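Everything numeric in this text was worked out from a predicted model, so none of it was measured.
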Amino acid sequence: MRHESTACPVLYWNKRTRGDSLYAAARKEIHKITGQMPNTIDKEPDFADFFAANPGATLFYPVYAGATGWWGGLLGTNPKTGPHISDKIIISAECQLMVIKDSPSLVNNPQVLMVAEIHPTSAFFKTMNSQIATSLDMLATDAGTILGLFRGRNEKKFSKVVETTGNSYLGCLGYY
């Protein structure tokens, strides 16, 4: 049997794997993208510790429909030195995989992936989409706000516009 390095790729899966069609689909998709079958871990990793122990690794982290706060562990990290979400893979309507990397090769990428909790106002979206960033994905919350995922070039301008429109800026996720 071939020994697989933990360096790349790693799938976090905290559910039973036997007979789980989502698990099988996730492994198949990771293999298709990376050319390798992923190692599987079942204990949720601390991102900083995981990448310190596994330099160069890619972590595939499942997010299920109805789940909240999947980015919580990444908020507050420096996107130029800490882990960041580099892609999103849709497995099914119930599950998507966040591709999390700790790669300094993306530091010079001018397109930053940012998230903000905002109150949906037309003025905010007009300013964002025309000047600062482009809306990529939206998720409505029970509190009447939305969580927005944006791609932009300048995190400082983004946070300033968010704050001046009376919204709550949650943080920058990293480079995309």
Side-chain angles (χ1 to χ4, degrees), residues 1-107 109 111-117 136-143 145-151 155 168-176:
M1 185 172 165
R2 186 176 69 133
H3 179 303
E4 292 183 89
S5 166
T6 58
C8 188
V10 177
L11 171 63
Y12 162 64
W13 201 265
N14 66 344
K15 297 181 176 187
R16 288 189 56 171
T17 58
R18 181 170 288 193
D20 185 343
S21 61
L22 283 178
Y23 172 73
R27 286 180 49 88
K28 183 178 178 181
E29 192 65 27
I30 292 168
H31 182 266
K32 188 168 85 174
I33 291 168
T34 67
Q36 299 177 44
M37 278 303 213
N39 288 339
T40 303
I41 58 174
D42 60 2
K43 182 180 177 205
E44 185 167 5
D46 173 275
F47 294 115
D49 292 345
F50 174 83
F51 288 108
N54 302 287
T58 300
L59 179 64
F60 293 83
Y61 191 97
V63 178
Y64 303 99
T68 58
W70 54 264
W71 53 79
L74 295 180
L75 294 177
T77 63
N78 182 337
K80 295 182 182 177
T81 61
H84 58 274
I85 295 173
S86 64
D87 205 355
K88 174 173 76 170
I89 303 167
I90 298 173
I91 301 297
S92 72
E94 295 84 35
C95 178
Q96 49 190 315
L97 296 176
M98 294 297 140
V99 183
I100 303 172
K101 293 185 177 184
D102 191 32
S103 172
S105 65
L106 297 174
V107 168
N109 185 338
Q111 292 293 317
V112 178
L113 189 63
M114 298 166 280
V115 65
E117 182 173 6
L136 296 179
D137 206 356
M138 298 289 156
L139 174 68
T141 69
D142 292 338
T145 61
I146 60 171
L147 298 173
L149 194 59
F150 301 91
R151 181 184 301 153
E155 181 187 357
S168 304
Y169 175 62
L170 294 181
C172 177
L173 287 179
Y175 293 89
Y176 179 73

Under 4.5 Å between any side-chain heavy atoms of Trp13 and Ile41, yes or no?
-> no
So how far is it from Phe60 CZ to Leu97 CG, rounded to the nearest 0.5 Å?
-> 7.5 Å
Checking Arg27 side chain against Met37 main chain: does a donor-acceptor pair fall under 3.5 Å?
-> no
For Leu11, which of Leu59, Ile30, Thr17 qualifies under side-chain contact (heavy atoms from CB on, under 4.5 Å)?
-> Ile30
Output for pair (Tyr61 OH, Phe47 CZ), nearest 0.5 Å, gives 5.0 Å
Under the side chain to side chain contact (heavy atoms under 4.5 Å, CB included) rule, what do Val63 and Cys95 come out as? Steps first, then yes or no, please.
-> CA-CA 6 Å; Val63 178; Cys95 178; over 6 Å; no
In this structure, NZ of Lys88 is separated from CD of Gln96 (nearest 0.5 Å) by 4.5 Å
Within-4.5 Å side-chain heavy-atom neighbours: Val99 and Ile89 = yes
Residues Ser92 and Glu94: side-chain donor-acceptor under 3.5 angstrom = yes
Please report the shortest heavy-atom distance between Ala26 and Ile91, naming the atom on each side.
-> CA-CD1, 3.8 Å
Could you pull out all residues at least two apart from Lys32 that satisfy salt bridge (Lys or Arg N to Asp or Glu O under 4.0 Å)?
-> Glu29
How long is the span from the CD atom in Glu44 to the CG atom in Asn14, to the nearest 0.5 Å?
-> 7.5 Å
Thr40 versus Tyr23, side-chain donor and acceptor atoms under 3.5 Å | yes
Evaluate side chain to side chain contact (heavy atoms under 4.5 Å, CB included) for Phe50 paired with Val10, printing each intermediate quantity in order.
-> CA-CA 10 Å; Phe50 174 83; Val10 177; 3.8 Å; yes
Does atom CG of Asp42 have more than 12 heavy-atom neighbours from other groups under 6.0 Å away?
-> no
Kindly indicate whether a cation-pi arrangement holds for Lys15 with Tyr64, taking the cut-offs as under 6.0 Å to the six-membered ring centre and within 45° of the axis.
-> yes
Of the non-hydrogen atoms in Ile100 and Phe51, which two are nearest, and what is the gap between them?
-> O-CZ, 3.4 Å
Any donor-acceptor pair under 3.5 Å from Asp46 side chain to Asp49 backbone = yes
